[in-house]
Amino acid sequence: MVTRGFFGRRRETPPRPIPPGQYLERGFPVLTAGPTQRVPLDQWSFTLVGADGEPLGEWTWEQFRSLPETEIFTDIHCVTKWSKLDTTWKGVTIDDLLIAAGVTEPPAYLMAFSYGGYTTNLPTWDVIEGRGMVAFEFDGQPIAPEHGGPARLVVPHLYFWKSAKWLRGIRFMPQDQPGFWEQYGYHMYGDPWKEQRYWGD
Amino acid sequence: MSTDFNQHGAGPNPAPSQPSPAPASPSAWQTAVVERVTVETYRARTFTLRLAEPRPFLAGQHYDVRLTAPDGYQAQRSYSIASAPSHPAGIIDLTVELIPDGEVSPYFHEVVQPGDELEVRGPIGGPFTWTPAMGGPLLLIAGGSGIVPLRSILAHREAVAPSLPTLLLYSARTLEDVIYRDWLDALPERAPVSRAIYTLTRRQPDGWSGYQRRVDPAMLVECLSSLAKLAGDQPTEQSPLCYVCGPTGFVEHAADALLAVGIPEPAIKTERFGPTS
């Protein structure tokens with residue numbers, strides 16, 4: 001449906017395509033359902049949990065930072081319509097966490113869980129083979145608390161609500177189950193290029 | 001929100017593998033007809049829409065709007081619902097603040113008129129909502145156009161729980177920036193246990209005796225005290241439920257101040273936004 005009298009201002013043409021329905025954002029908006037979590041590093045830990053609740057691995061901040069580091073350069077896309085290009089994240093890939101935990105065949109799905117109680121679900125495929133990391137640096141600086149520091153999940157090919165802030169751990173699941181926003185009607189998978197914002201998309 | 005989603009433990013998740021319908025989940029894109037345009041302030045207008053497909057919604061939710069140019073180019077934005085769920089079915093008010101160099105808000109302000117058709121979908125959003133079952137008392141804190149979803153909560157509360165003590169703290173640059181001012185000023189007349197307090201951060205009218213600074217812990221202590229007075233001899237068994245909405249910096253600041261004055265984290269719900277252009 002063409003909207004009467006709308007032509008679009010398109011002030012800035014993206015240097016490369018961005019997903020449908022998105023606009024370019026220069027800043028870095030913050031969207032969170034509660035107060036910002038502030039987790040002291042000496043109280044921080046990260047846990048991998050198996051599908052039956054068994055612990056697979058746990059790292060203090062010091063132990064986590066001794067794992068291999070990877071840097072990625074990527075665009076990110078928020079379901080609230082902004083896309084931010086050319087972001088740099090440094091962190092530990094899920095592959096390296098699985099290697100450190102000695103997990104060779106992780107179950108098919110996972111629930112990322114955070115300080116403050118946030119959760120989000122993902123297929124395991126979407127975070128392995130370099131597709132996801134637990135990031136601790138954004139554009140060369142420690143990730144600020146309002147952006148999810150000390151460490152957040154980064155899965156840039158999905159809408160950014162899947163990249164859980166203040167990450168505390170990952171629990172594997174044999175079947176897909178909805179996390180926090182997903183229970184409120186947001187899409188179970190969230191592919192921005194298919195514009196999977198809400199249920200039924 | 002961190003109230004009821006504590007899944008830190010590793011136990012089996014009781015949720016079904018397919019989500020059951022949320023209380024108010026978004027429709028597909030549908031057409032809405034603009035019934036009325038109301039000028040609220042020099043840079044805020046309310047658009048009353050009649051939906052082709054009425055949907056129940058919760059106070060605090062929003063709608064997405066999609067505009068399509070003749071060449072197929074589209075722009076989408078989200079706008080909070082200002083009206084109460086008890087409004088006539090299928091009628092919603094969206095209040096849009098003008099961002100002068102924006103793309104969608106200038107279209108709303110300069111072009112949209114009654115009779116126009118718009119593509120919308122909604123309602124969207126879950127944690128930043130209030131239902132009467134959640135009770136109160138309510139402390140609502142708005143920064144700028146962050147008042148819009150709180151207007152829906154206030155109106156809903158007035159319709160379904162008029163005796164619930166409720167205080168709105170509204171931070172605006174000037175008195176001319178206060179959206180719904182007449183309606184807010186008349187809150188106590190309609191329900192004596194509710195009132196609105198303004199803090200005007202940039203310019204105050206002559207003789208202004210109210211707040212004129214950013215929201216801070218001292219201000220919140222006074223607001224909590226006022227809220228307790230509104231509650232009178234009603235027992236206040238639980239901490240006030242706090243809803244904070246506004247620009248990111250404002251919400252960060254206000255939510256931290258709420259924590260600083262002892263409001264427990266699960267009682268604080270936030271919605272942050274940058275200017276929506």
Side-chain angles (χ1 to χ4, degrees), chain A residues 1-11 20-23 25 27 29-38 47 49-55 80-82 111 113-119 145-146 168-169 171 173 175-186 188 197-201, chain B residues 1-13 15-17 19 21-22 24-26 28 31 64 66-70 73-78 101-103 106-107 111-112 116-119 121 124-128 248 251-252 255-256 258-259 265-266 268-274 277:
Chain A
M1 182 188 107
V2 172
T3 314
R4 182 191 70 82
F6 178 72
F7 302 98
R9 290 205 176 167
R10 280 166 281 196
R11 288 167 297 166
Q22 297 291 106
Y23 64 91
E25 170 65 50
V30 175
L31 292 127
T32 304
T36 290
Q37 301 291 314
R38 290 187 171 78
T47 314
V49 183
D52 296 319
E54 74 281 15
T80 61
K81 322 292 187 311
W82 57 265
M111 189 71 78
F113 58 93
S114 297
Y115 291 92
Y118 182 75
T119 58
E146 64 266 31
R168 182 173 174 169
R171 178 168 56 83
M173 310 182 290
Q175 287 166 338
D176 203 7
Q177 295 180 343
F180 179 78
W181 287 112
E182 293 83 5
Q183 299 192 29
Y184 282 117
Y186 285 74
M188 288 291 275
R197 298 181 195 273
Y198 314 114
W199 299 353
D201 284 347
Chain B
M1 185 180 67
S2 54
T3 46
D4 50 359
F5 285 86
N6 279 303
Q7 300 184 2
H8 299 166
N13 187 335
S17 56
S25 58
T31 304
D64 281 2
R66 179 169 74 182
L67 309 181
T68 306
Y73 169 82
Q74 294 185 325
Q76 293 184 27
R77 296 292 186 276
S78 300
D101 60 348
E103 180 175 33
Y107 171 80
V111 180
V112 175
D116 278 346
E117 293 189 337
L118 295 169
E119 269 188 305
R121 74 181 302 195
I124 297 155
F128 197 79
T248 294
V251 173
E252 287 291 313
D256 286 349
L258 282 170
L259 291 172
E265 188 183 307
I268 305 171
K269 294 169 188 291
T270 65
E271 187 143 284
R272 302 162 166 87
F273 50 75
S277 60

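Order of the sequence lines fixes the chain letters, A, B, ..., with proteins taken first and strands second; residue numbering starts at 1 for each chain.
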Task: Shortest non-hydrogen contact between F180(A) and P127(B), atoms and distance - done: CZ-CG, 3.4 Å
Task: Beyond-backbone contact of L259(B) with R38(A), side-chain heavy atoms, under 4.5 angstrom - done: no
Task: Heavy-atom pair of closest approach, residues E103(B) and G8(A) - done: OE2-CA, 3.4 Å
Open item on the list: Heavy-atom pairs under 4.5 Å with chain A: which of P70(B), A28(B), A255(B) has the most?
Closed with: P70(B)
Task: Closest contact, heavy atoms only, R121(B) versus W199(A) - done: NH2-O, 4.4 Å
Task: Value rounded to 0.5 Å, distance of CZ in R66(B) from OG1 in T3(A) - done: 8.5 Å
TODO: Examine whether an atom of E119(B) lies under 4.5 Å from a heavy atom of chain A, and if so say whether it belongs to the side chain, the backbone or both; otherwise answer neither.
DONE: both
- [ ] State, yes or no, whether a side-chain contact exists between S78(B) and K81(A) at a heavy-atom distance under 4.5 Å.
- [x] yes
- [ ] Select, from V112(B), L118(B), L67(B), L258(B), the one with the greatest count of heavy-atom pairs under 4.5 Å involving chain A.
- [x] L67(B)
- [ ] Over 60° means perpendicular and under 30° means parallel, so classify the ring planes of F6(A) and Y73(B), tilted if in between.
- [x] parallel
Task: Toward chain B, the part of W181(A) with a non-hydrogen atom under 4.5 Å - done: side chain
Task: chain B interface, residue from G21(A), P55(A), G169(A) that has the most non-hydrogen pairs under 4.5 Å - done: G21(A)
Open item on the list: I'd like to know if the side chain of R272(B) and the backbone of G34(A) have a donor-acceptor N/O pair within less than 3.5 Å.
Closed with: yes
Open item on the list: With a 4.0 Å cut-off on N to O distance, would you call D64(B) and R197(A) a salt bridge?
Closed with: no
TODO: May I ask you to decide if V111(B)'s main-chain N or O and R4(A)'s side chain share a donor-acceptor pair within less than 3.5 Å?
DONE: yes
Task: For G116(A) against E265(B), the heavy-atom pair lying closest together - done: CA-OE2, 4.1 Å
Task: Contact check, side chains of T31(B) and M1(A), non-hydrogen atoms, under 4.5 Å - done: yes
